[in-house]
*Asks:* 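Sharing a structure here in C-alpha coordinates format.
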Amino acid sequence: MQTDRTATDAYLAHNLARATGPREPLPMPPARRTAVVTCMDARLDVYALLGLSVGDSHVFRNAGGIVTDDVIRSLAVSQRLLNTREIILVHHTDCGMATFADGDFLASLEEDAGVRPDWVPGSFTDPVENVRASLARVHASPFIPHKESVRGFVLDLRTERLEEVRVEAPVG
(Lines give C-alpha, C1' and ligand atoms only; values in the text may rest on other atoms or scores of the structure.)
Protein backbone atom coordinates (compact mmCIF):
# COMPACT_ATOMS: atom_id res chain seq x y z
CA MET A 1 0.00 0.00 0.00
CA GLN A 2 1.45 3.34 -1.09
CA THR A 3 1.09 6.36 1.11
CA ASP A 4 1.21 10.03 0.19
CA ARG A 5 2.71 10.99 3.53
CA THR A 6 5.32 13.71 3.18
CA ALA A 7 8.40 14.31 5.28
CA THR A 8 6.56 17.28 6.80
CA ASP A 9 3.68 14.99 7.80
CA ALA A 10 6.18 12.69 9.54
CA TYR A 11 7.75 15.67 11.35
CA LEU A 12 4.33 16.82 12.55
CA ALA A 13 3.44 13.32 13.78
CA HIS A 14 6.73 13.22 15.69
CA ASN A 15 5.99 16.63 17.20
CA LEU A 16 2.53 15.54 18.31
CA ALA A 17 3.95 12.44 20.00
CA ARG A 18 6.70 14.50 21.65
CA ALA A 19 4.54 17.34 22.91
CA THR A 20 3.79 16.71 26.56
CA GLY A 21 1.96 19.87 27.53
CA PRO A 22 3.15 22.96 29.33
CA ARG A 23 6.84 23.14 30.27
CA GLU A 24 8.91 25.59 32.22
CA PRO A 25 10.05 28.09 29.59
CA LEU A 26 13.73 28.66 28.95
CA PRO A 27 15.00 32.22 29.30
CA MET A 28 15.21 34.10 25.99
CA PRO A 29 18.93 35.02 26.16
CA PRO A 30 21.19 32.06 25.37
CA ALA A 31 22.62 30.49 28.52
CA ARG A 32 26.16 30.32 27.12
CA ARG A 33 25.99 33.83 25.65
CA THR A 34 27.20 32.58 22.28
CA ALA A 35 26.08 32.80 18.68
CA VAL A 36 27.11 30.16 16.16
CA VAL A 37 27.07 30.81 12.41
CA THR A 38 27.27 27.65 10.33
CA CYS A 39 26.26 26.01 7.09
CA MET A 40 22.78 24.67 6.40
CA ASP A 41 24.31 21.34 5.28
CA ALA A 42 22.12 18.54 6.66
CA ARG A 43 25.23 16.53 7.57
CA LEU A 44 26.18 19.03 10.30
CA ASP A 45 24.68 18.41 13.73
CA VAL A 46 25.98 21.58 15.35
CA TYR A 47 24.37 20.73 18.69
CA ALA A 48 26.19 17.38 18.94
CA LEU A 49 29.38 18.81 17.44
CA LEU A 50 29.69 21.55 20.08
CA GLY A 51 27.90 19.82 22.95
CA LEU A 52 25.03 22.31 22.92
CA SER A 53 21.64 21.88 24.51
CA VAL A 54 18.48 23.75 23.64
CA GLY A 55 18.76 27.25 25.09
CA ASP A 56 22.57 27.35 25.11
CA SER A 57 23.33 29.35 21.97
CA HIS A 58 21.84 31.17 19.02
CA VAL A 59 22.49 29.13 15.89
CA PHE A 60 22.30 30.81 12.49
CA ARG A 61 22.48 28.63 9.40
CA ASN A 62 22.69 29.46 5.72
CA ALA A 63 24.27 28.12 2.54
CA GLY A 64 27.99 28.01 3.30
CA GLY A 65 27.74 29.55 6.78
CA ILE A 66 28.67 32.84 5.13
CA VAL A 67 28.43 36.10 7.07
CA THR A 68 25.90 37.95 4.93
CA ASP A 69 24.00 41.16 5.67
CA ASP A 70 21.23 39.06 7.19
CA VAL A 71 23.71 37.27 9.46
CA ILE A 72 25.06 40.66 10.57
CA ARG A 73 21.43 41.66 11.33
CA SER A 74 20.90 38.53 13.41
CA LEU A 75 24.22 38.91 15.24
CA ALA A 76 23.40 42.55 16.05
CA VAL A 77 20.08 41.49 17.59
CA SER A 78 21.79 38.61 19.39
CA GLN A 79 24.45 40.81 20.96
CA ARG A 80 22.63 44.09 21.48
CA LEU A 81 19.29 42.74 22.71
CA LEU A 82 19.98 39.23 23.97
CA ASN A 83 23.37 39.63 25.62
CA THR A 84 25.56 37.24 23.60
CA ARG A 85 29.27 37.95 23.77
CA GLU A 86 30.98 35.25 21.69
CA ILE A 87 30.67 34.42 18.00
CA ILE A 88 31.73 31.08 16.55
CA LEU A 89 31.88 30.51 12.78
CA VAL A 90 31.82 26.89 11.61
CA HIS A 91 32.39 26.16 7.92
CA HIS A 92 33.24 22.69 6.64
CA THR A 93 34.97 20.51 4.08
CA ASP A 94 33.06 19.10 1.11
CA CYS A 95 30.67 22.06 1.07
CA GLY A 96 28.15 22.32 -1.75
CA MET A 97 29.02 26.01 -2.12
CA ALA A 98 32.36 24.90 -3.60
CA THR A 99 30.66 22.98 -6.44
CA PHE A 100 29.60 25.92 -8.62
CA ALA A 101 30.53 29.43 -9.70
CA ASP A 102 28.37 32.41 -8.76
CA GLY A 103 28.17 33.72 -12.33
CA ASP A 104 26.92 30.41 -13.76
CA PHE A 105 24.33 29.99 -11.00
CA LEU A 106 23.08 33.57 -11.35
CA ALA A 107 22.78 33.18 -15.12
CA SER A 108 20.81 29.96 -14.63
CA LEU A 109 18.47 31.63 -12.15
CA GLU A 110 17.93 34.55 -14.51
CA GLU A 111 17.21 32.20 -17.40
CA ASP A 112 14.68 30.20 -15.36
CA ALA A 113 13.03 33.05 -13.45
CA GLY A 114 13.34 35.86 -15.97
CA VAL A 115 15.06 38.12 -13.46
CA ARG A 116 18.50 38.17 -11.85
CA PRO A 117 18.45 38.09 -8.02
CA ASP A 118 19.80 41.07 -6.11
CA TRP A 119 21.84 38.77 -3.86
CA VAL A 120 25.11 36.94 -4.47
CA PRO A 121 25.20 33.18 -3.84
CA GLY A 122 28.67 33.33 -2.24
CA SER A 123 30.31 30.27 -3.75
CA PHE A 124 33.92 29.62 -2.78
CA THR A 125 36.71 27.14 -3.39
CA ASP A 126 38.66 27.28 -0.12
CA PRO A 127 36.79 26.93 3.20
CA VAL A 128 39.72 28.39 5.16
CA GLU A 129 39.76 31.57 3.06
CA ASN A 130 35.98 31.73 3.30
CA VAL A 131 36.18 31.62 7.11
CA ARG A 132 38.76 34.42 6.98
CA ALA A 133 36.45 36.51 4.79
CA SER A 134 33.53 35.91 7.17
CA LEU A 135 35.67 36.80 10.20
CA ALA A 136 36.67 40.02 8.45
CA ARG A 137 32.99 40.88 7.81
CA VAL A 138 32.17 40.42 11.49
CA HIS A 139 35.12 42.54 12.61
CA ALA A 140 34.31 45.28 10.07
CA SER A 141 30.68 45.62 11.09
CA PRO A 142 29.84 48.66 13.21
CA PHE A 143 26.63 46.91 14.32
CA ILE A 144 28.36 44.13 16.26
CA PRO A 145 29.75 45.65 19.47
CA HIS A 146 31.43 42.64 21.10
CA LYS A 147 34.30 41.34 18.97
CA GLU A 148 36.70 40.19 21.70
CA SER A 149 35.77 36.54 21.11
CA VAL A 150 35.07 35.95 17.44
CA ARG A 151 36.60 32.69 16.24
CA GLY A 152 36.33 30.68 13.05
CA PHE A 153 36.73 27.00 12.33
CA VAL A 154 36.64 24.49 9.49
CA LEU A 155 34.99 21.19 10.31
CA ASP A 156 36.48 18.13 8.63
CA LEU A 157 33.36 16.10 7.82
CA ARG A 158 35.35 12.85 7.70
CA THR A 159 36.68 13.16 11.25
CA GLU A 160 34.26 15.72 12.76
CA ARG A 161 37.29 17.61 14.03
CA LEU A 162 37.27 21.40 14.13
CA GLU A 163 40.41 23.20 13.02
CA GLU A 164 40.70 26.83 14.04
CA VAL A 165 41.39 29.35 11.32
CA ARG A 166 43.89 31.94 12.46
CA VAL A 167 43.79 35.43 11.07
CA GLU A 168 47.13 37.11 10.62
CA ALA A 169 47.40 40.52 12.26
CA PRO A 170 47.65 43.38 9.75
CA VAL A 171 51.17 44.60 9.07
CA GLY A 172 52.00 48.21 9.81
*Asks:* Taking atom NE2 of H91 and atom OG of S134, what is their separation to the nearest 0.5 Å?
*Replies:* 4.0 Å
*Asks:* Taking C-beta and beyond as the side chain, do L44 and L49 meet within less than 4.5 Å on heavy atoms?
*Replies:* no
*Asks:* Group every Ile, Leu, Val, Met, Phe, Trp and Tyr by side-chain heavy-atom contacts under 4.5 Å, then state whether L155 and V150 land in the same group.
*Replies:* no
*Asks:* With the side chain counted from C-beta on, respond yes when V46 and R61 share a heavy-atom pair under 4.5 Å apart, and no when they do not.
*Replies:* yes
*Asks:* If you compare all heavy atoms of T99 against all heavy atoms of C95, which two are closest, and at what distance to 0.1 Å?
*Replies:* CG2-O, 4.0 Å
*Asks:* Quick check: closest heavy atoms across P121 and M97, and the distance to 0.1 Å?
*Replies:* O-CE, 3.0 Å
*Asks:* Just how far is it from atom OG1 of T6 to atom OH of Y11, taken to the nearest 0.5 Å?
*Replies:* 9.0 Å
*Asks:* Who passes side chain to side chain contact (heavy atoms under 4.5 Å, CB included) against N83, sequence neighbours left out?
*Replies:* R33, R85
*Asks:* With sequence neighbours left out, which residue pairs that include part of residues 35-44 fulfil the salt bridge (charged side-chain N to carboxylate O under 4.0 Å, His left out) condition?
*Replies:* D41-R43, R43-D94
*Asks:* By ring-ring contact (aromatic ring centres under 6.0 Å, His included), which residues pair with F100, not counting sequence neighbours?
*Replies:* F105
*Asks:* The criterion is salt bridge (Lys or Arg N to Asp or Glu O under 4.0 Å); which residues satisfy it with E164, sequence neighbours excluded?
*Replies:* R151, R166
*Asks:* Under 4.5 Å side-chain heavy-atom separation, chaining through any Ile, Leu, Val, Met, Phe, Trp or Tyr, what else clusters with V77? Say none if it is isolated.
*Replies:* M28, L81, L82
*Asks:* Could you check whether any side-chain heavy atom of V59 comes within less than 4.5 Å of a side-chain heavy atom of Y47, counting everything from C-beta outward?
*Replies:* yes
*Asks:* For P145 and R80, work out which heavy atoms get closest and say how close.
*Replies:* CD-NE, 3.7 Å
*Asks:* Taking all non-hydrogen atoms of both residues, which atom of G51 and which atom of D56 are closest, and how far apart?
*Replies:* O-OD2, 4.2 Å
*Asks:* Sequence neighbours left out, what pairs pass ring-ring contact (aromatic ring centres under 6.0 Å, His included) with at least one residue falling in residues 114-139?
*Replies:* none
*Asks:* List for me each residue that meets salt bridge (Lys or Arg N to Asp or Glu O under 4.0 Å) alongside E160, sequence neighbours excluded, and say none if there are none.
*Replies:* none
*Asks:* Would V71 and I66 count as a side-chain contact (heavy atoms from CB on, under 4.5 Å) here? Give the steps.
*Replies:* CA-CA 8 Å; V71 169; I66 297 166; over 6 Å; no
*Asks:* For E86, enumerate each residue passing the side chain to side chain contact (heavy atoms under 4.5 Å, CB included) test, keeping only those at least two apart in sequence or located in another chain.
*Replies:* T34, S149
*Asks:* Honestly curious: do V167 and V37 fall in one hydrophobic cluster under the side-chain, below-4.5 Å linking rule?
*Replies:* yes
*Asks:* Which value, rounded to the nearest 0.5 Å, describes the distance between R116 atom CZ and S108 atom OG?
*Replies:* 10.5 Å
*Asks:* Could you tell me which residues satisfy side chain to side chain contact (heavy atoms under 4.5 Å, CB included) with I88, sequence neighbours excluded, listed by chain and number?
*Replies:* V36, V90, F153
*Asks:* Just to verify, what does R158 make a side chain to side chain contact (heavy atoms under 4.5 Å, CB included) with, not counting sequence neighbours?
*Replies:* D156
*Asks:* What distance separates N62 CG from M40 CE, expressed to the nearest 0.5 Å?
*Replies:* 8.0 Å
*Asks:* Among L75, T38, I87, L89, which one satisfies side chain to side chain contact (heavy atoms under 4.5 Å, CB included) with F60?
*Replies:* L75
*Asks:* Can you list the residues that meet the salt bridge (Lys or Arg N to Asp or Glu O under 4.0 Å) rule with D9, with sequence neighbours excluded?
*Replies:* none
*Asks:* With sequence neighbours excluded, tell me which residues meet salt bridge (Lys or Arg N to Asp or Glu O under 4.0 Å) with R73.
*Replies:* D70
*Asks:* Which atoms form the tightest heavy-atom contact between R5 and A13, and what is the distance?
*Replies:* NH2-CB, 3.0 Å
*Asks:* Shortest non-hydrogen contact from G152 to L135?
*Replies:* N-CD2, 3.8 Å
